[in-house]
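Below is one structure; the comments refer to it alone.
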Amino acid sequence: MQLRTDFCFTFFHNRVVAMSFVAPSAPSRADILSLFRSLLRTAQKFSDYNIREYAKRRAIDGFRLNHDVSDPSVASSAYSEGKSQLEVAKRQAVVYSLYEPKVKSVMDVKSR
């Protein structure tokens with residue numbers, strides 16, 4: 001999805017002669033599904049079971065909460081919030097990988 005600017009400027013001889021508001025474009029279904037899959041993939045990168053499940057649960061709950069949004073401006077702001085949360089999750093996954101616990105959780109140990 002290509003983000004559109006909030007204002008459109010009309011130039012004439014290097015001077016602004018008109019300024020109008022451009023409505024934000026709603027993200028496409030493919031963009032939304034891509035964001036959802038990216039959040040779930042990022043959640044799987046956490047080594048700690050509790051944090052991994054929390055990130056996954058938070059992504060699913062956030063998308064369920066905004067499932068029935070039909071207003072393009074609300075959808076666009078929810079999408080941009082999701083993108084910022086994805087960036088936070090990616091950074092946190094890197095930090096958590098640096099300080100990975102030496103002992104695995106009981107939930108991570110597979111029984112034979």
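All of these numbers come straight from a predicted model, not from anything done at the bench.
The side-chain hydrogen bond (donor to acceptor under 3.5 Å, both in side chains) check on Arg58 picks up Tyr54, with sequence neighbours excluded. Annotation: side-chain hydrogen bond (donor to acceptor under 3.5 Å, both in side chains) contacts of Lys45 (sequence neighbours excluded): none. For Glu87, there are no salt bridge (Lys or Arg N to Asp or Glu O under 4.0 Å) partners two or more places apart in sequence or in a different chain. Not a single side chain to side chain contact (heavy atoms under 4.5 Å, CB included) links Ser97 to another residue, sequence neighbours left out. Every residue meeting the side chain to side chain contact (heavy atoms under 4.5 Å, CB included) condition with Ile51, not counting sequence neighbours, appears here in chain and number order: Phe46, Asp48, Tyr96.
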Side chains of residues 65-72: which donor-acceptor partners sit under 3.5 Å, not counting sequence neighbours?
residue: Asn66; atom: ND2; partner: Gly62; partner atom: O; Å: 3.3
residue: Asp71; atom: OD2; partner: Ser73; partner atom: OG; Å: 2.9

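A continuous path of hydrophobic side-chain contacts links Leu86 to Leu40 [ILVMFWY only; heavy atoms under 4.5 Å].
In this structure, NZ in Lys56 is found 6.5 Å from CD1 in Ile60, a value given to the nearest 0.5 Å. Residue Arg52 holds its CZ atom at 9.5 Å from CE of Met107, rounded to the nearest 0.5 Å. Taking CD from Gln85 and NZ from Lys90, the interatomic distance works out to 13.0 Å, rounded to the nearest 0.5 Å.
You'll find the side chain of Phe63 reaches within 4.5 Å of the side chain of Leu35, heavy atoms only. You'll find the side chain of Arg64 reaches within 4.5 Å of the side chain of Asp61, heavy atoms only.
Here the closest non-hydrogen pair linking Ala59 and Leu39 is CB-CB, 4.0 Å.
Between the side chain of Thr42 and the backbone N or O of Ser38 there is at least one donor-acceptor pair closer than 3.5 Å.
For the residue pair Asp31/Ser28, the side-chain donor-acceptor check at 3.5 Å is satisfied.
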